[in-house]
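Input: a single structure, listed below in structure tokens.
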Amino acid sequence: MISVIVPVVRPEKAQRCIEAIKKHSGGVVHEIVVENDTDRIGCPQMVKKLADRAFFDWVMFLGDDTIPQEGFMANAIKHIYDLPDEWGMIGLNDQVWNGNVVATHWLCHKRMLEITGGEFFHTGYYHTECDRELTEVAQEHGRYIWAEDAKIEHENYQVGTSDEQDEHHKHAYRDSAQRHDQVLYLERKEARIGFKLGVGIPLINDMVDTLFLYSMMLMN
């Protein structure tokens, strides 16, 4: 029922992830699709490569530095029935980081590819922002659910400082790559939903300033 894809850059951690998948699958029918990123093509391209090989319609993405927890798979798939027509995206519960919900890993139906341009992660990204874009596209189409009870342990979100990150993490989140991905994210979002300008109207004693209002009228 589920194809679990795991791009591998850290083989020893990937083996730990795979063992946890098998241990905590809860009897759900699944396959595990893995491949070493020996050419350093990056997460988005590896996700596409492995998703293309996935046998089942539901694809779950896990990083090799994750440790799925008990019941994660069964708890994720039960949310399928909460989605319109039973397809869309289910965000897994990585952790709460700095007060924010972290859902960088997910379960997606292949029909999501119809609204994402054929890729779960746009392959123009180096590493960051691609999961943010995927989540927002799913939300814009009313096809996103966060599965709080589908818990996985994400190692990089347990580390205290960036100095403690492994070499792969430092490379993926290098400043130049992050800047590239942030610009690309904004460009793609503007192309998708357009540019919106918010205007605040100043109030003076609960009255709109007449000079401001007059200047707004001249702009029309």
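Just so you know, residue 1 is the first one in the sequence shown, and it goes up from there.
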Margin query: Given Leu62, which partner from the list Leu92, Thr104, Ile18, Ile32 fulfils the side chain to side chain contact (heavy atoms under 4.5 Å, CB included) test?
Written below: Leu92
Next item on the list: Could you please spell out the steps behind the ring-ring contact (aromatic ring centres under 6.0 Å, His included) verdict for His24 and Phe72?
Entry: CA-CA 7 Å; His24 299 308; Phe72 82 103; 7.3 Å; no
Checklist line | Lys13/Asp65 salt bridge by N-O under 4.0 Å criterion | finding: no
Note to self: Minimum heavy-atom separation for Met73 and Ser25, please, with both atom names.
What the structure shows: CB-O, 3.9 Å
Margin query: Keeping Asn93 on the side-chain end and Asp149 on the backbone end, is there a donor-acceptor pair under 3.5 Å?
Written below: no
Check: So does Glu19 pair up with Lys22, basic N to acidic O under 4.0 Å?
Finding: no
Note to self: Given 3.5 Å as the limit, does a donor-acceptor pair link the side chain of Glu35 with the main chain of Val33, or not?
What the structure shows: no
Checklist line | Shortest non-hydrogen contact from Pro7 toward Val47 | finding: CG-CG2, 4.3 Å
Checklist line | Phe56 backbone acceptor or donor facing Ser3 side chain under 3.5 Å | finding: yes
Notebook entry, point to check: Are Trp106 and Tyr144 close enough that their ring centres sit under 6.0 Å apart?
Noted result: no
Notebook entry, point to check: Between Arg192 and Glu187, is the closest basic N to carboxylate O distance under 4.0 Å?
Noted result: no
Margin query: Assess whether a salt bridge exists between Glu133 and Arg188, defined as any Lys/Arg side-chain N lying under 4.0 Å from an Asp/Glu carboxylate O.
Written below: yes
Check: Minimum heavy-atom separation for Gln45 to Ile41, with atom names?
Finding: NE2-O, 3.6 Å
Next item on the list: Could you pull out all residues at least two apart from Glu129 that satisfy side-chain contact (heavy atoms from CB on, under 4.5 Å)?
Entry: Tyr125, Arg132, Asp181, Gln182, Tyr185
Next item on the list: Compare every heavy atom of Gly42 with every heavy atom of Asp37, then report the nearest pair and how far apart it is.
Entry: OD2-N, 3.0 Å
Item checked: NZ/NE/NH1/NH2 to OD/OE distance under 4.0 Å, Lys151 and Glu70 -> no
Checklist line | Nearest heavy atoms of Ala54 and Val59, plus distance in Å | finding: CB-CG2, 4.0 Å
Next item on the list: Give a yes/no verdict on a cation-pi contact between Arg179 and Tyr126, requiring under 6.0 Å between NZ or CZ and the six-membered ring centre and an angle within 45° of the axis.
Entry: no
Next item on the list: Please confirm whether the backbone N or O of Trp87 pairs with a side-chain atom of Arg111, one donor and one acceptor, at under 3.5 Å?
Entry: no
Check: Does Ile2 share a hydrophobic cluster with Val6, counting links as ILVMFWY side-chain heavy atoms below 4.5 Å and allowing steps through other members?
Finding: yes
